[in-house]
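So the structure is just underneath, and the comments pick up after that.
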Amino acid sequence: MPIVTIDGREVDVEVGTNLIEAAKQVGVQIPHYCYHPRLSVVGQCRMCLVKIDGPPKLQTACTTQIMKDGMVVHVDIPEVQEAQQGVMEFLLINHPLDCPICDQAGECGLQDYSFKHGQAFSRFVFEEKRTYPGRERIPLGPSVMLNMNRCIQCTRCIRFTEEISGTGELGFFQRGARTEIGVFPGKELDNPLSANVVDICPVGALTSSEFRFAERVWYLDKKPSICTGCDAGCNVTVEHKRGAIRRYKPRVNPEVNDYWLCDYGRQTFRRYSEFERLGTPAVRGAAGELRATNWEAALDRVHQGLARASEGADLAFLGSGFLTTEEAFLIARLADAADSEHRSVWSEEGPARFIPNLHGGVHGTETTPNRRGAELAGLLGTSGINAEDLMRGDGASRCDFLLITDGDPGSPLHDAEVIGRLRQVRFLVVLGWASTPLTEVADVVLPIATHAEKDGTFVNSQRRLQRFRAAFPAPAGVRSGVEALVDLLGRLGPEWQGLTTAQVFDRMAATVPAFAGMTFDSLPAHGTLLDTSGAVASGDSTEPEGAHP
Ligand code: SF4
Ligand code: SF4
Ligand code: FES
């Protein structure tokens, strides 16, 4: 591999690597606007000028590929700094500098580079700036708003719609200093990936119609997590203010979602504010009313329900595709303790989702993120009463005991007929985070954490096992599913008492072949592909190479 020297630091890189990427490898930041690692290189903004030994003039780092040994590059020298200041001065001549009312403030490439690479004055003495009257608040589509005054004409958004979403709604219109961004006549920016242009716009020209003015970004805490919108398993950053999620942003995982998220997935955190939150365990009293109680009393009641299920009676365990793999493993152990084969996972097929990446992309086909993980962990009964029998048949009427995890309310659990069928069971336990028609008819309700409040793993449609951690603590009175289930299993045997999610995973890895040799804390950041060797019975597909919607 060719060796290049950047600011005195040697690095060997793949042939064809450009100078921006090579510099990153030795911790040198070359400022850039128009360059994005997944878009074609246009060399348009001139922000990435560097000095290369040999050529007389400064060169753009984004367009300079390293093909052979010996290139010597200078970034931190006065000649380059002067060029950077010059480019910033030009960019700011016409910029409105309306940071106090701009949604991008706090995460703006223009602010950051002005601070690092600009200067504190301008030689441009005219008061009049070029503006685009009437083009300050233009909805380009349902998710994206344009303020043309702030655009620096980097064309990232245009290239995204041409090269990534493949929809081509955006283009440049007019010429010279009047050049502006817009949608082609008769089109709007309305494709499943449209909001990604907001993420890649380096300034506040493109903002999110949903997030606009909702929060100042410096008030947000940011934690890595996984989208639960479907089984593609896109990596997200949860941005929240004291436990109230304000937005999801894509978190780079080249093996899954690369730099992108779909518009649907970005909005899925809203389900957490659509329903009333369960805050305390509840048990049904002698008079038939649900009354609040403490965790000990509620778990004792479940334990009694399990124990009282008469000899030879049917006990069923219905998991959801929103369970973490560890929670599913613990429910499967409960089913083992009850000697029950009636265990299954409910997950609905959903609208097809697709996220492109360098390997082609990832498809999401289910409405839940972890049906595969829950089944692998032991909730795939080979015989007995299954999810279909319970939801659409008379399975519940044949059971003495039914434990349902209603982690995120799926549509059937709001259907009176389905609830009527489930309620035919003698003793109904529901674990969930939301108050729903199902929790209202349960004998015991256990309030558990949302996925943003707990640690765990999901297995996506590629069979990639991915770990996530709690973004913020659950409210008082609410436990993670693992805490609740470990406490319940602890009543059946001491070996489960007090286990953490990591310890549950490690115990699962010791017994479930698909996870053999893994530990929770050593799972790779980008996840790991499971060798399931046909262990997952249904609904799996391999990703077609080069597929694109
Ligand atoms: S709207 Fe944003 S991404 Fe598009 S050209 Fe202007 S600055 Fe670049
Ligand atoms: S494709 Fe699925 S996992 Fe990815 S962002 Fe969309 S809904 Fe979320
Ligand atoms: S990043 Fe190189 S010219 Fe824009």
Side-chain angles (χ1 to χ4, degrees), residues 278 281-291 293 297-323 327-328 330-348 374 378-448 481 484-485 488-489 491-492:
L278 293 172
V283 295
R284 195 159 295 282
E289 82 295 355
L290 258 189
R291 55 181 169 73
T293 186
L299 289 175
D300 283 345
R301 187 72 180 275
V302 179
H303 183 212
Q304 288 159 13
L306 273 169
R308 258 198 250 130
S310 52
E311 192 76 10
D314 285 312
L315 288 77
F317 299 83
L318 177 60
S320 125
F322 286 102
L323 285 175
E327 289 166 341
L330 293 172
I331 294 173
R333 299 295 70 77
L334 268 181
D336 287 349
D339 201 18
S340 171
E341 252 310 300
H342 308 315
R343 54 181 88 182
S344 52
V345 181
W346 178 257
S347 176
E348 295 169 83
L379 280 186
L380 182 63
T382 49
S383 59
I385 299 168
N386 62 23
E388 193 67 20
D389 299 331
L390 291 165
M391 304 290 261
R392 305 232 163 90
D394 65 349
S397 66
R398 292 186 270 131
C399 295
D400 272 17
F401 175 101
L402 172 60
L403 182 143
I404 298 185
T405 57
D406 176 24
D408 280 16
S411 54
L413 298 179
H414 290 266
D415 180 330
E417 267 187 42
V418 173
I419 289 172
R421 281 198 285 273
L422 293 170
R423 188 48 273 192
Q424 291 178 49
V425 69
R426 295 212 187 105
F427 192 77
L428 177 62
V429 179
V430 179
L431 281 80
W433 59 265
S435 174
T436 66
L438 183 69
T439 56
E440 281 163 26
V441 301
D443 294 303
V444 179
V445 178
L446 301 174
I448 58 169
L485 292 162
L488 186 55
L489 275 163
R491 285 162 164 74
L492 304 174

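Hydrogens, waters and symmetry mates play no part in the numbers below; they use all other heavy atoms, side chains included.
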- Message: Is there a side-chain contact (heavy atoms from CB on, under 4.5 Å) between Leu422 and Met391? Walk through the geometry before answering.
- Response: CA-CA 7 Å; Leu422 293 170; Met391 304 290 261; 4.3 Å; yes

- Between Asp443 and Arg426, does a side-chain contact (heavy atoms from CB on, under 4.5 Å) hold up when you go through it step by step? CA-CA 9 Å; Asp443 294 303; Arg426 295 212 187 105; over 6 Å; no

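How far CZ of Phe317 is from CD1 of Ile404: 12.0 Å, rounded to the nearest 0.5 Å. Here the CG-CG distance, from Asp415 to Leu438, works out to 11.5 Å after rounding to the nearest 0.5 Å. Note that CG of Leu488 and CG of Leu334 are 5.0 Å apart. Values are rounded to the nearest 0.5 Å. The CG atom of Asp394 sits 8.0 Å away from the CD1 atom of Ile385 when rounded to the nearest 0.5 Å. Atoms CZ and CD, on Phe427 and Gln304 in that order, are 7.5 Å from each other to the nearest 0.5 Å. One distance of note links CG of Leu446 with OG1 of Thr439; it measures 11.0 Å at 0.5 Å rounding.
For the pair Arg291 and Gly285, the tightest heavy-atom approach, listed with the atom from each and the gap, is NE-CA, 3.9 Å. Contact detail for Ser344 and Asn386: the closest heavy-atom pair is OG-C, 3.4 Å. The two residues Ala374 and Ser320 come nearest to each other via the heavy atoms CB-O, 4.4 Å. A pairwise comparison of heavy atoms in Ala442 and Val430 identifies CB-CG2, 3.6 Å as the closest pair. Taking all atoms of both residues into account, the shortest heavy-atom contact from Leu306 to Ala338 is CD2-CB, 4.4 Å. Between Glu341 and Gly381 the shortest heavy-atom distance is OE1-CA, 3.5 Å.
Arg301 contributes no side-chain N or O that, together with a main-chain N or O of Val444, makes up a donor-acceptor pair within less than 3.5 Å. Checked by atom type and distance alone, the side chain of Glu388 never pairs as donor or acceptor with a backbone atom of Gly393 at under 3.5 Å. Panel note: side chain Arg491, backbone Val302; no donor-acceptor pair is recorded below 3.5 Å.
In this structure, Glu417 places its CD atom where only 12 or fewer heavy-atom neighbours from other residues, nucleotides or ligands lie under 6.0 Å away.
Tested against Leu403, the residues Leu318, Leu315, Val429 include a single side-chain contact (heavy atoms from CB on, under 4.5 Å) partner, Val429. Applying side-chain contact (heavy atoms from CB on, under 4.5 Å) to Leu485 and the options Ile448, Leu323, Leu431 leaves one that passes, Leu431.
Within the 4.5 Å cutoff, no side-chain heavy atoms of Thr405 are placed close to those of Phe322. Between Pro412 and Trp346 there is a side-chain heavy-atom pair separated by less than 4.5 Å.
The existence of a salt bridge linking Arg343 and Asp336 is confirmed by a sub-4.0 Å separation between a basic side-chain nitrogen and an acidic carboxylate oxygen.
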